[in-house]
Structure formats: C-alpha cells, structure tokens
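See structure below.
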Protein chains: 4
Amino acid sequence: MDDDGRDRPPVPTGRSERARTAALEAALALAVELPYPQVTMEAIAARAGVGKATLYRRWRHRGALLVDAVAHRNARAAVGDGRIPDTGDLQADLSAVLRAVVDELAVPAWDALLRALCVEALVDTAVGAQVLEEVFAPQITLFARRFAAARATGHIDGSVGDVEAFELFVAPLFHRWQLRTGALDHAYADAVVRRGCRALSP
Amino acid sequence: MDDDGRDRPPVPTGRSERARTAALEAALALAVELPYPQVTMEAIAARAGVGKATLYRRWRHRGALLVDAVAHRNARAAVGDGRIPDTGDLQADLSAVLRAVVDELAVPAWDALLRALCVEALVDTAVGAQVLEEVFAPQITLFARRFAAARATGHIDGSVGDVEAFELFVAPLFHRWQLRTGALDHAYADAVVRRGCRALSP
Amino acid sequence: MDDDGRDRPPVPTGRSERARTAALEAALALAVELPYPQVTMEAIAARAGVGKATLYRRWRHRGALLVDAVAHRNARAAVGDGRIPDTGDLQADLSAVLRAVVDELAVPAWDALLRALCVEALVDTAVGAQVLEEVFAPQITLFARRFAAARATGHIDGSVGDVEAFELFVAPLFHRWQLRTGALDHAYADAVVRRGCRALSP
Amino acid sequence: MDDDGRDRPPVPTGRSERARTAALEAALALAVELPYPQVTMEAIAARAGVGKATLYRRWRHRGALLVDAVAHRNARAAVGDGRIPDTGDLQADLSAVLRAVVDELAVPAWDALLRALCVEALVDTAVGAQVLEEVFAPQITLFARRFAAARATGHIDGSVGDVEAFELFVAPLFHRWQLRTGALDHAYADAVVRRGCRALSP
DNA sequence: TAATAAGCGAGACGGTACGTCACGTCTTGAA
DNA sequence: TTCAAGACGTGACGTACCGTCTCGCTTATTA
C-alpha cells in the first residue's frame with residue numbers, strides 16, 4: 001500500500017524534505033484562500049517556491065498532493081485531539097464530539113479543504129480510496145473505540161457494526177454540510193445524537 | 001430567483017429549442033461516458049453540434065448546464081415514479097424506496113451523473129443551491145408526504161422535522177455512496193430503515 | 001507549394017490579420033535584439049500580444065515563422081531596391097551590388113536575422129528549402145538578369161550557369177560573413193568581383 | 001586563449017580521462033544519429049554514462065563540447081590525411097582535393113556534424129571563433145602551403161592572399177552545401193577549380 | 001594498511017519553454 | 001437575425017532540459 005500516487009523517492013534528503021513541506025503547506029494555504037479551480041499545480045509550485053517537475057515527481061495528481069497535504073495538517077493538529085471521551089454517558093460524549101465536528105466544519109479553512117478533498121474523491125476513485133483511508137478511516141477508528149466500550153456496558157445494540165454506527169451519527173452532518181439542507185449547529189448535532197442513541201439502544 | 005445561471009432567453013424559438021435539447025442530451029451522454037474532467041464545454045458543443053456561444057448564452061457555467069441536464073433527465077424518467085407507497089407499514093414502505101435508491105445508485109450512468117452534480121455543488125455554492133433545489137428538494141418533498149401520514153397515524157415522533165427525518169434515512173446511503181465506506185446494498189438499506197424507524201418511534 | 005508550414009487559414013479575417021502582422025513584427029524585433037536562443041515562441045507571443053496557440057495555428061515551427069517574418073520584411077524594403085544596375089560595365093555594376101551587400105551585412109539587425117535564418121535552415125531541411133526559395137532565390141534571379149545581359153554582350157562565358165555565376169560572387173562573402181575568416185568590407189567585395197569577372201571572361 | 005570554454009582541469013586523471021573520451025564520443029554519435037535539437041547535454045551524459053556535472057565541469061556550452069568532439073574526431077582521421085598533393089598541376093591538384101571535400105560532405109555523419117558546428121558558430125560568436133580556429137584554420141593552412149608553391153612557380157597571381165584564394169575555391173562548395181542551391185558533385189568541384197584557377201592566373 | 005578526501009555517476013532541485021487544450025469572447029458565413 | 005463554426009487572447013497542463021546542487025560510492029593518496 002505504498003504505490004498509491006505518492007512518495008516515489010524512498011529516502012527524502014534535506015533539500016527534498018524542504019520542497020515537500022513547502023509544497024504541502026502551499027497547497028493547504030491556496031486551497032483555503034482561493035476557489036478550488038484556481039488551486040492549480042502551477043500556483044502551488046509558485047507559492048511553494050518549487051519547480052512544477054518537483055510536484056509531479058512526488059504526486060501524480062493534484063488530488064494526491066491535496067490528500068497528503070490534509071494528512072500533513074492532521075498530523076500536526078489532530079481533530080478532536082485524538083480521543084473520544086468516555087464519561088459513561090454515551091449520548092453526552094457523542095454530543096460533545098459532534099458539536100466539535102460542527103464547529104470544525106464552520107471554520108472556513110477546514111470547510112474549504114474538506115470540499116476540495118471531496119471533489120477529488122468524487123472525480124477519481126483512487127483518490128477517493130486514499131481520502132477514505134487517510135482522512136475518514138482514522139475517525140471511524142476513534143468512534144469504534146467508544147462504541148466498543150458502549151457495547152461492553154450494554155448501552156448499545158451489539159449487532160450493529162462500527163461503520164454502520166459511525167454513519168448513523170456522522171452521515172447526517174456530512175449530508176447537511178455538503179448539500180446545505182439546513183442549519184448545521186449544535187442543536188442539530190444534539191438531535192442527531194439523540195435519535196442515533198435511540199436507534200442503537202438494545 | 002431568476003438570475004441563477006439558467007435560461008436567460010425566456011422565449012425559445014424552434015431552432016434554439018433544438019439546440020437546447022441537443023446540448024442537454026450531449027451533456028448527459030458525455031457525463032456518463034467520460035471521466036468528468038473531460039466533460040468540457042467544447043466537447044458538449046461538439047457532440048451537440050452546437051456553437052460554444054450558444055451554450056454560454058443559455059448557461060453561465062458547466063455546472064448550470066449539468067443541473068439542467070439532470071433535471072431534463074428526471075422530467076422524463078422520474079425517480080421512483082414520483083410517489084412513496086403508503087401501505088400503512090412505514091418501515092416496509094421506506095425499505096422499498098431506499099432499496100430503489102440503492103439500485104439507482106448502482107446504475108453507472110446515474111452514479112456518474114450524481115457525482116458530477118456533487119462536484120459542481122461542492123465547487124460553487126450557487127450551483128450547490130441549484131442542485132439542492134432541483135434534485136434533492138423534490139425528493140425531500142416526497143418523503144415529507146409519507147412522514148406526514150406517519151405522523152398522523154402516530155407512527156413517528158411528531159417533533160422531528162421533515163428534513164431531519166429525510167436525512168436520518170438518506171444521509172447514510174449518501175455517505176456510503178460517496179465515500180465507499182462499505183457495501184451499498186439492500187441489506188444496508190433495510191438496516192438503515194430499521195434503525196431510522198426506531199429512532200423516530202414516538 | 002502551399003503546405004510548407006505556413007498559412008493554414010486561407011482567408012485571413014480582420015482580426016487574424018492583425019495577429020499575423022503583430023507576430024511577424026515581434027519575431028523580427030526579438031531576433032534583432034536578443035540572442036537567438038531567447039527568441040522563443042513564448043516571447044514572440046508575449047511581445048506580439050498574441051496567444052501561443054495563434055502562433056502554432058499559423059506556423060508549425062519557429063523556423064517557419066521566422067522565414068515568413070523575413071519575407072514580410074523584404075516585401076517592405078526590398079534589398080538593393082530590386083534591380084541590379086546595368087551600366088554596361090559588369091565589374092563596376094557587381095562591385096556596387098556586392099558593396100551594398102557588405103553594407104547590409106554590417107547592419108546588426110540584418111546580420112542577426114540572417115544568422116537566425118541560417119540556424120533554422122541548418123537544423124531543418126524543410127526550412128532550409130523555404131529559406132532558399134523565399135530569401136535567396138529572389139537574389140539569384142536578380143543576378144541572373146544581369147548575367148543574361150552580360151552574356152548577350154559577350155562579356156562573360158556563356159557556358160556558366162546563373163547559379164554557378166551567382167555563387168562565384170556571393171559565396172565568398174557568405175563564407176567570410178558566416179565564419180569571420182577576415183574583414184568583410186568594400187575592398188574584399190571589389191577583389192571578389194575582380195576575380196569573379198576574370199574567371200567568367202570568355 | 002585558455003578561458004574559451006574548454007579543459008579547465010589541466011591534469012586529467014585516469015578516471016576523468018575515461019569520462020572525457022566517453023563524452024566526446026557520445027556527442028559525436030548523437031550528433032550523427034539524431035536531429036540536432038535532440039542532442040542535449042542530458043542525452044550526451046546519459047549515452048556516455050557520465051554525470052551532467054562532469055560535462056559542465058569541462059565544457060561550458062554544448063557548442064564547446066561539440067567543437068572538442070569534432071577536433072577529437074579529426075585527430076583520429078585527418079581530412080585528406082593532412083597534405084594537398086603537388087604534382088605541379090595546380091588545377092588537377094585542387095580538383096582532387098575539392099572532389100574529396102565533396103565526397104566527405106556527402107557522408108551523412110560528417111554532414112550532420114558540420115551542420116551542428118555551423119549552428120553553434122552562428123549562435124555564439126565565441127564558439128564561432130573556436131570553430132574557425134580548430135576546424136577551418138587547419139584547412140586554410142593546408143591550402144596556403146600549396147598556394148605558396150604555386151606562387152613560387154608563377155602559376156598564380158602573387159598579390160592574392162591565402163584566405164582569399166582559399167575562399168575562392170571553398171566558399172562556393174560551402175554555400176552550395178549549406179543552402180542546397182544545386183547538386184554538389186565532382187563536376188561542380190571541377191568547375192569551381194577551373195574558374196578559380198582562371199581568376200588566379202597571373 | 002587504514003583513513004581520508006577528491007572526483008565521480010546519478011539524479012533531484014528551481015526554473016523556463018515547450019506544444020496542447022479548454023476557457024469564455026468575438027467574428028464570419030450560411031440558413 | 002440567429003446560429004454553427006471556429007479563431008482569438010489567456011492561462012494551466014504535464015514534459016523535457018537547463019545548469020546547479022547534493023548525495024553515496026569509488027578511487028588514489030596520505031598517515
């Protein structure tokens with residue numbers, strides 16, 4: 001699982017590493033501050049002070065570069081700092097998390113990045129798989145841990161899988177975020193959690 | 001709500017009507033048979049046998065053209081032929097509908113079209129609103145009618161809004177379709193409906 | 001003899017004509033003021049205020065463009081104003097002409113253009129043929145007319161062909177100009193003519 | 001005359017000597033078998049199995065490398081093996097030599113090399129001087145020796161300089177070779193010699 | 001003989017130009 | 001008058017070379 005459109009050179013030297021970092025950060029910055037069609041490889045290269053060939057040497061697509069850029073960002077500031085609380089009250093814990101997700105999606109920078117990621121994922125199946133693996137899968141894993149605890153204490157139906165439970169809670173937010181079918185606020189997050197917990201109760 | 005990127009000439013003559021139809025059908029055909037980045041205005045014009053200026057005279061964006069094209073398609077073959085069944089058994093009715101949705105999404109042509117629509121919606125907020133209004137809103141209305149009946153017979157919690165209920169059922173499918181987090185089949189549709197009905201039960 | 005790398009569009013419109021002229025004059029200007037490797041299609045397009053695609057639509061090579069540019073220039077200011085004098089004294093007439101050629105080659109602009117033409121002619125046989133036809137052949141024709149008169153009056157050996165006689169006079173200048181084997185001045189022109197006339201005397 | 005773009009390291013070790021030879025021969029081979037624009041420093045380095053930095057360490061320009069390569073070639077197989085015959089019959093002797101030149105120019109390899117040299121000489125004055133000094137000057141010297149003998153025996157006009165006499169014979173061939181104004185064969189060589197000798201007769 | 005530094009091949013780097021394609025506008029010729 | 005056809009200026013595409021640089025590795029000397 002290494003030949004998915006990234007990092008051809010196995011040993012990044014000092015100079016290479018500078019170029020790589022500059023490219024990733026330029027991509028992030030441009031994706032945030034420009035309409036996505038203007039986030040071109042040319043613009044990223046110029047902003048990063050890097051040759052276009054260097055970009056294409058490392059990433060086959062703009063999509064691959066963007067996914068790496070977002071992964072790079074997440075490595076620095078993990079969303080929700082990497083753990084779902086477990087106070088014993090599943091509904092309260094999930095409410096806190098989904099409220100945090102709502103808050104994140106309200107940050108224009110993250111909103112723009114995520115929309116860009118979705119565009120690339122929709123356009124190219126391979127990039128879609130990469131997005132799933134590197135951006136969503138970690139989140140699913142986080143939720144899965146909390147669900148396991150809830151199952152152990154009998155708070156949720158043991159027959160529901162992790163991904164299914166994850167989608168029960170996150171998909172409505174994702175849908176509303178992407179299609180803007182309504183206000184995406186704490187109240188909605190709470191309502192989604194309330195209904196989700198009812199759906200999962202044993 | 002008239003300057004949203006469509007139909008500037010209000011009275012299409014005979015000749016321009018032919019051009020309009022040809023453009024819409026060319027857009028549909030290309031969106032289905034080519035990767036989306038290759039569905040260019042030039043390609044659509046060429047396929048339709050229409051001048052590029054004619055396209056830009058009627059639609060400002062490729063997105064606006066595509067939305068019209070999908071609306072044009074839906075006008076011919078309405079999804080689920082325009083009504084949600086009401087046998088009195090909400091869960092059975094919704095299962096039938098969501099299974100149909102799953103089947104639709106499995107058709108490559110519709111899958112490709114919907115992905116293209118989502119790309120445009122993600123890239124441009126105005127197109128997003130148009131997609132919502134013309135593609136998703138009709139669906140929500142369909143569901144709303146069935147929900148109203150269910151509320152009247154006391155089968156679901158009266159305090160849950162139509163959009164919220166819609167998202168409870170549709171968002172998981174949408175999420176799984178877009179991100180390919182797992183198999184999108186009848187079993188998943190049934191499970192989503194089962195959990196949704198539990199969540200909505202009074 | 002029309003498909004030799006120029007003028008694909010048979011009827012140049014008003015806008016096209018402006019683009020064509022601007023391109024030709026930009027090419028001339030750049031070939032004169034820059035080292036030849038910097039006379040790029042990109043630079044010509046920029047200087048002409050013309051799209052690169054427009055250049056490539058009309059000329060396949062930089063060479064083809066340059067040949068047209070020089071022909072365009074020659075159409076305006078014919079070298080030696082289009083006729084070789086005939087005072088009855090062949091040696092004097094040719095001296096005057098070759099001195100004029102020497103003077104022309106001393107003009108940096110024409111020197112640069114001619115070197116550029118030779119580069120293109122050396123690199124690509126097809127361009128070479130075009131250069132011969134459009135730049136040198138007219139000169140040969142001019143000399144041929146004068147040689148015909150000289151043959152008629154018995155001043156030169158009737159068995160020597162026009163091209164051979166032309167080369168007898170012009171080749172030494174060309175050789176010295178290109179390889180800088182010595183001073184290229186009026187004295188040299190006179191000496192070349194003197195020897196050439198001796199060689200051709202009946 | 002040492003900083004003209006060649007041999008900066010005065011003491012080539014064994015390893016670097018191998019690199020030098022490999023580079024020169026790769027340059028020759030590529031100049032013969034490819035169109036000249038494809039004879040790039042990269043291609044030469046690759047063919048020679050040599051680092052690009054090694055090329056640039058020894059030669060500043062592709063032109064300097066090419067001139068050295070041709071000189072390297074000439075060192076092995078001297079053109080006309082280094083002497084112009086002196087049978088006492090100047091015209092016959094020169095005919096033999098110019099026929100040999102014509103034959104050389106008919107060899108595609110030498111034709112290609114000489115065109116490449118001329119391109120470099122035309123593009124860069126410094127390279128032009130180098131070409132003159134290393135490729136043409138030795139030829140002029142050869143002719144000069146024969147002219148001196150002819151002058152001593154009163155066969156040619158003593159007032160004509162060596163370079164002028166050289167150009168009288170060689171320039172027409174050069175001109176015809178470069179511009180392809182006509183057939184470049186033994187007959188033409190003979191005619192040029194015949195006329196040249198008449199021009200030079202005392 | 002072992003370390004040590006110089007020179008090498010390899011090739012990544014920041015650039016620039018290539019030749020192509022699509023953008024959205026504008027002009028022309030035919031219907 | 002409207003339309004298809006397509007040229008126009010613009011600018012991004014992905015590639016190839018430029019000339020410089022940084023790597024390890026090989027060599028040839030110096031301790």
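Within every chain, numbering begins at 1; the chains are lettered A, B, ... in the order of the sequence lines, protein sequences first and strands thereafter.
For Ser16(A), a side-chain nitrogen or oxygen approaches OP1 or OP2 of dC13(E) to under 4.0 Å. OP1 or OP2 of dC8(E) lies within a sub-4.0 Å distance of a side-chain N or O belonging to Arg57(D). Here Thr54(D) does not reach the OP1 or OP2 of dG7(E): none of its side-chain N or O atoms lies under 4.0 Å away. Between Arg60(B) and dC23(E) there is no side-chain N or O to OP1 or OP2 distance below 4.0 Å. Close to dT27(F), at under 4.0 Å from its OP1 or OP2, lies no side-chain N or O of Arg18(D).
Legend: salt bridge (charged side-chain N to carboxylate O under 4.0 Å, His left out) pairs involving residues 26-41 of chain D, not counting sequence neighbours, sorted by first then second residue: Glu33(D)-Arg47(D). Sorted by first and then second residue, the salt bridge (charged side-chain N to carboxylate O under 4.0 Å, His left out) pairs involving residues 36-45 of chain C (not counting sequence neighbours) are Glu42(C)-Lys52(C).
Note that the two end axes of the helix from dA3(E)-dT29(F) to dA31(E)-dT1(F) enclose an angle of 10°, each drawn from 5 base pairs, rounded to 10 degrees.
Partners of Ala109(C) according to the side chain to side chain contact (heavy atoms under 4.5 Å, CB included) rule, which considers only residues two or more places apart in sequence or in another chain, are Val32(C), Val107(C). In this structure, Ala112(D) has no side chain to side chain contact (heavy atoms under 4.5 Å, CB included) partners at least two apart in sequence or on a different chain. Residues satisfying the side chain to side chain contact (heavy atoms under 4.5 Å, CB included) criterion with Pro108(B), sequence neighbours excluded, are absent altogether. Ala46(C) is linked by a side chain to side chain contact (heavy atoms under 4.5 Å, CB included) to nothing, counting only residues two or more places apart in sequence or in another chain.
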Can you check side-chain contact (heavy atoms from CB on, under 4.5 Å) on Glu134(D) and Val70(D), steps first, answer last? CA-CA 9 Å; Glu134(D) 302 206 18; Val70(D) 170; over 6 Å; no
Problem - Arg73(D) vs Leu24(D), side-chain contact (heavy atoms from CB on, under 4.5 Å): CA-CA, chis, key distance, verdict - result: CA-CA 9 Å; Arg73(D) 186 203 105 121; Leu24(D) 294 175; over 6 Å; no
Show me the protein contacts with nucleotides 4-6 of chain E, counting only N or O atoms at under 3.5 Å.
none

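Between the P atom of dG14(F) and the CG atom of Leu65(A) lies a distance of 12 Å, rounded to the nearest Å. Atom CD in Glu17(C) sits roughly 14 Å away from atom C1' in dC8(F) (whole-Å rounding). When rounded to the nearest whole Å, the span between CG of Leu55(A) and P of dG15(E) equals 12 Å. Rounded to a whole Å, the CZ atom of Arg58(D) is 17 Å from the C1' atom of dG19(F). Residue His61(A) contributes atom NE2, which lies 11 Å from atom P of dT15(F) at whole-angstrom precision. What separates CZ of Arg20(B) from C1' of dC3(F) is a distance of 17 Å, to the nearest Å.
Summarising the geometry of Met41(A) relative to Trp59(A), their closest heavy-atom pair is CE-O, 4.5 Å, with the distance given to 0.1 Å. Nearest heavy-atom pair, Ala19(B) versus Thr54(B), reported as atom, atom and distance to 0.1 Å: CB-CG2, 4.1 Å.
Separation of atoms CG (Leu113(A)) and CZ (Arg115(A)) is listed at 11.5 Å; rounding is to 0.5 Å. Between the OG1 atom of Thr21(B) and the CD atom of Glu17(B) there is a distance of 4.0 Å, given to the nearest 0.5 Å.
Taking every heavy atom of residues 24-43 of chain D and every atom of DNA chain F, pairs under 4.0 Å involve Thr40(D), Met41(D), Glu42(D), by number. DNA chain E is contacted by no residue of residues 112-122 of chain B, taking any non-hydrogen atom closer than 4.0 Å.
Looking at Val39(C), Leu66(C), Thr40(C) one by one, the single match for side chain to side chain contact (heavy atoms under 4.5 Å, CB included) with Leu30(C) turns out to be Val39(C).
Ala45(B) comes within 4.0 angstrom of nothing in the nucleic acid, heavy atoms only.
Counting only heavy atoms from C-beta outward, the side chains of Leu65(C) and Arg58(C) never approach each other to under 4.5 Å.
When the nucleotides dT10(F), dC8(F), dG24(E) are ranked by their closest atom to the side chain of Lys52(B), dG24(E) comes out on top. Candidate nucleotides dC13(F), dT25(E), dG9(F) were compared by shortest atom distance to the side chain of Tyr56(A), and dC13(F) ranks first.
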Below 3.5 Å, can you tabulate the donor-acceptor pairs from side chains in residues 116-129 of chain A to any protein atom, sequence neighbours excluded?
residue, atom, partner, partner atom, Å
Glu120(A), OE2, Tyr36(A), OH, 2.5
Glu120(A), OE2, Arg62(A), NE, 3.1
Glu120(A), OE2, Arg62(A), NH2, 3.1
Asp124(A), OD1, Ala126(A), N, 2.7
Thr125(A), OG1, Arg180(B), NH2, 3.4

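Nearer to the 5' terminus of DNA chain F, by closest-nucleotide assignment, is the contact made by Gly51(B) (compared with the other of Gly51(B) and Ala48(C)).
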